[in-house]
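Scroll down for the structure; my scribbles are underneath it.
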Amino acid sequence: MELLEKTDKIHETMLKNFEEKIERGDAIEPKDKMPDGYRKHLMRQMSQHAHSEVIGMQPEGNWITRAPSLRAKQILLAKIQDEGGHGLYLYSAAETLGISRDEMIAQLHSGKAKYSNIFNYPALTWADIGAIGWLVDGAAIVNQVSLQRTSYGPYSRAMVRICKEESFHQRQGYEIMANMMKGTKDQQEMAQDAMNRWWWPSLMMFGPHDSESPHTGDAFKWKIKRHSNDELRQKFIDKTVQQAEVIGLTIPDKDLKWNEEKKCYNHGAINWDEFYRVIGGNGPCNKQRMDHHVKVHNEGAWVRAAADAYRLKKEKQLLHL
Amino acid sequence: MGDDALIQSYRLSEWCSNAPILEEDLALTNFALDMTGRAQAMLSYAGQVEGKGRTDDDLAYKRKERDFYNHLIMELPNGDFAYTIARLFFTSTFEFFFFNQLQNSADTTLAAIAAKTIKEVRYHNAHAIDWVLRLGDGTEESHNKIQKAVNELWMFTGELFETEEVDALLRDQNIAVDMPVIADKWKEHVAQVLSEATLTIPESGYMQSGSNKGIHTEHLGHILTEMQYLQRAYPEATW
């Protein structure tokens, strides 16, 4: 009984320290005591974030061999490498919570862990590479800038670093779109078509409306999340509409209108049925993306086994010396 | 040299999202990035020397199959990871000795490109050697796979050292490299690494040839079809 009381006491103090830290705005570090819910929430969010970076390499990788100039190919290769690097960085950051990369990949394959829904859409033309960089990375930046102040130290630091590279990605996407809008009629049509297909899924990246996902959740209390879905979505729309206008692209939303009073754009209704359908597994590429990841992972098993065997052999040899 | 870089870069970039571990995905596509840069430098210079106003992109995206001069080994499909690694080992070893010498070329542009390239190639080669050792001396399965790859690729290695009359002329002017010297160094280095990796060095036999005359394997046409697609489909467009 005494022991139980003691444990409860320790637990209480621990939670109090954690809450005080959060309250002061101090970062939580891997060795700090934290509630299970906090740890689990972060594991889920950070592994999902890492998986998104990696799965996102697929639609873009689809165009590397067809990039239309040597410069375009170099930029795209560099960008995709950045995404993979972000994945590595985020996997490592998530590992500080006590989960291994292998476990995270197993969760991805079993369907327990998710990745960003946006990558369940196909990259059909070269203009899609522009749209992904400009709109998808543009939306991701808005979210990630906000996460730079998230309460978990390793995650926050990862975001600071990642944001620097993401802004380069957004510029490269915008440059592709701008060049195409200055080009032939075919190119302009291609760019507008990509805009039409990627605009709404990009808005959905911020998640359901605040009315459907209340502020009062743990993520806000723990300062993992600092801004609401609708706030972030609004920020993205306001900066993107102007960019589209400059290069002559039309936003595919007939209800989009400047709201003088609120000093922001009102937008039309988002098709949440589509959002939930795609998240539920019935998007254009869900099966393709997952099948590919599983296949490549399984096909590479013999390589990883060889690397492990070789390392063990060398360690043994060293010990005998 | 530009075509070698361009076509090998194409093959390596196909590994994006296809490698056995994320780190390797990044490494192979990073090499592809190095090689695209080298292709750009070499093809720009080729266009300049030609004097007809063709750019690096014109040479990469608007030439036909028979006008490409990359070695056949560069265009072969990736195969499995062992095959790609064995190829990278053979080609990067060749490139290491080749560019090492080319740094001293009397042609200052070539010498400058070589000086930049050698730094990259040194790394590609070290990476390939690490994997040849791991796969050769890893598990039985990996040993068999890399041995098979070495055996199958062997007949494409002779072509790397072929020379023509014009090479002798350039060699006399100190512009080109001394190929027999490079061939000897290559053989010695390759034999050393393969034996450390517990692999058997294939016996010398028939060597494939043809790229000097623009005669390729059937694979090059498919590479160009994909690589040149946008430039061919929209000839008026700039990107």
Side-chain angles (χ1 to χ4, degrees), chain A residues 50 53-78 80-82 84-85 87-88 91 101 105 125-126 176 179-180 182-187 190 289 292-293 295-297 299-311 313-314, chain B residues 6 9-27 29-30 32-34 36-37 39-40 43-44 55-57 59-61 80-82 85 130-131 133-143 145-146 197 223 226-231 233-234 236-239:
Chain A
E53 299 280 359
V54 173
I55 298 293
M57 294 165 74
Q58 288 185 34
E60 295 189 298
N62 178 39
W63 276 94
I64 292 182
T65 54
R66 290 176 291 171
S69 71
L70 294 172
R71 180 175 179 269
K73 180 169 179 168
Q74 281 177 302
I75 293 173
L76 185 58
L77 272 168
I80 299 176
Q81 267 175 61
D82 283 350
L88 274 183
Y91 281 132
R101 202 204 306 182
I105 289 175
T125 72
W126 176 250
I176 289 176
N179 281 343
M180 290 181 80
K182 278 189 281 187
T184 64
K185 193 165 167 286
D186 278 334
Q187 284 177 298
M190 216 188 272
R289 302 281 184 249
H292 183 78
H293 197 276
K295 176 176 159 275
V296 167
H297 187 74
E299 279 176 2
W302 69 270
V303 177
R304 297 189 295 275
D308 287 344
Y310 181 77
R311 185 173 41 81
K313 262 186 211 176
K314 290 293 138 184
Chain B
L6 181 70
S9 138
Y10 177 95
R11 283 302 186 208
L12 286 173
S13 68
E14 286 181 313
W15 276 100
C16 178
S17 281
N18 283 306
I21 38 170
L22 188 50
E23 284 83 346
E24 205 51 30
D25 213 295
L26 299 183
T29 50
N30 191 39
L33 182 58
D34 288 344
T36 311
Q40 209 172 22
L43 294 178
S44 293
T55 64
D56 47 354
D57 281 341
L59 290 173
Y61 294 95
D80 62 10
F81 185 70
I85 287 299
D130 280 349
W131 274 110
L133 295 176
R134 282 190 202 111
L135 297 181
D137 199 13
T139 62
E140 193 186 341
E141 184 182 11
S142 69
H143 177 91
K145 281 186 197 278
I146 188 95
I223 292 180
E226 195 164 322
M227 187 175 80
Q228 298 179 338
Y229 153 66
L230 280 169
Q231 292 270 0
Y234 304 96
E236 307 299 321
T238 49
W239 302 88

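Everything quoted here is computed from the prediction, not taken from an experiment. Letters A, B, ... mirror the listed sequences (proteins, then strands); counts begin at 1.
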At a 4.5 Å cut-off on heavy atoms, which part of [X] comes close to chain A: side chain, backbone, both, or neither?
X        : result
B:Ile85  : neither
B:Asp137 : both
B:Gln40  : both
B:Ala60  : side chain
B:Ser9   : both
B:Ala19  : backbone
B:Thr29  : both

Approximate separation, where rounding is to 0.5 Å, of [X] [atom1] and [Y] [atom2]:
X        : Y        : atom1 : atom2 : answer
A:Ile80  : B:Ser17  : CD1   : OG    : 7.5 Å
A:Thr125 : A:Met180 : OG1   : CE    : 6.0 Å
A:Ile75  : B:Leu33  : CD1   : CG    : 10.5 Å

Which one of [options] has the most heavy-atom pairs closer than 4.5 Å to chain B?
options                               : result
A:Asn179, A:Leu88, A:Leu76            : A:Leu88
A:Pro68, A:Ala306, A:Ala309, A:Gly300 : A:Pro68
A:Val303, A:Ile176, A:Ile105          : A:Val303
A:Arg101, A:Glu299, A:Lys314          : A:Arg101
A:Ala72, A:Gly61, A:Ser69             : A:Ser69
A:Met57, A:Arg71, A:Gln58, A:Gln74    : A:Gln74

Original post:
Based on non-hydrogen pairs under 4.5 Å, which of B:His143, B:Met227, B:Lys145 is most in contact with chain A?
Top reply: B:Lys145
**OP:** With a 4.5 Å cut-off on heavy-atom pairs, point out which of B:Leu133, B:Ile21, B:Thr55, B:Asp25 contacts chain A the most.
**Re:** B:Leu133
Original post:
chain B heavy atoms under 4.5 Å from A:Ala67: which part of the residue, side chain, backbone, both or neither?
Top reply: backbone
Original post:
Short question: side chain of B:Asp34, backbone of B:Ala32 - any donor-acceptor pair under 3.5 Å?
Top reply: no
Original post:
A:Thr184 side chain to A:Gln187 main-chain N or O, any donor-acceptor pair under 3.5 Å?
Top reply: yes
**OP:** Using the six-membered ring wherever Trp is involved, compare the ring planes of B:Tyr234 and B:Trp239 and label them parallel, tilted or perpendicular (cut-offs 30° and 60°).
**Re:** perpendicular
**OP:** Mind listing the closest non-hydrogen atom pair of B:Leu230 and A:Arg66 along with its distance?
**Re:** CD1-O, 3.5 Å
Original post:
Would you call A:His292 and B:Asn18 a side-chain contact if the rule is heavy atoms closer than 4.5 Å?
Top reply: yes
Original post:
What pairs with B:Tyr61 under ring pair (Phe, Tyr, Trp, His ring centres under 6.0 Å), at least two apart in sequence or on another chain?
Top reply: none
Original post:
What residues, two or more places apart in sequence or in another chain, satisfy side chain to side chain donor-acceptor pair (under 3.5 Å) together with B:Glu226?
Top reply: A:Thr65, B:Tyr10
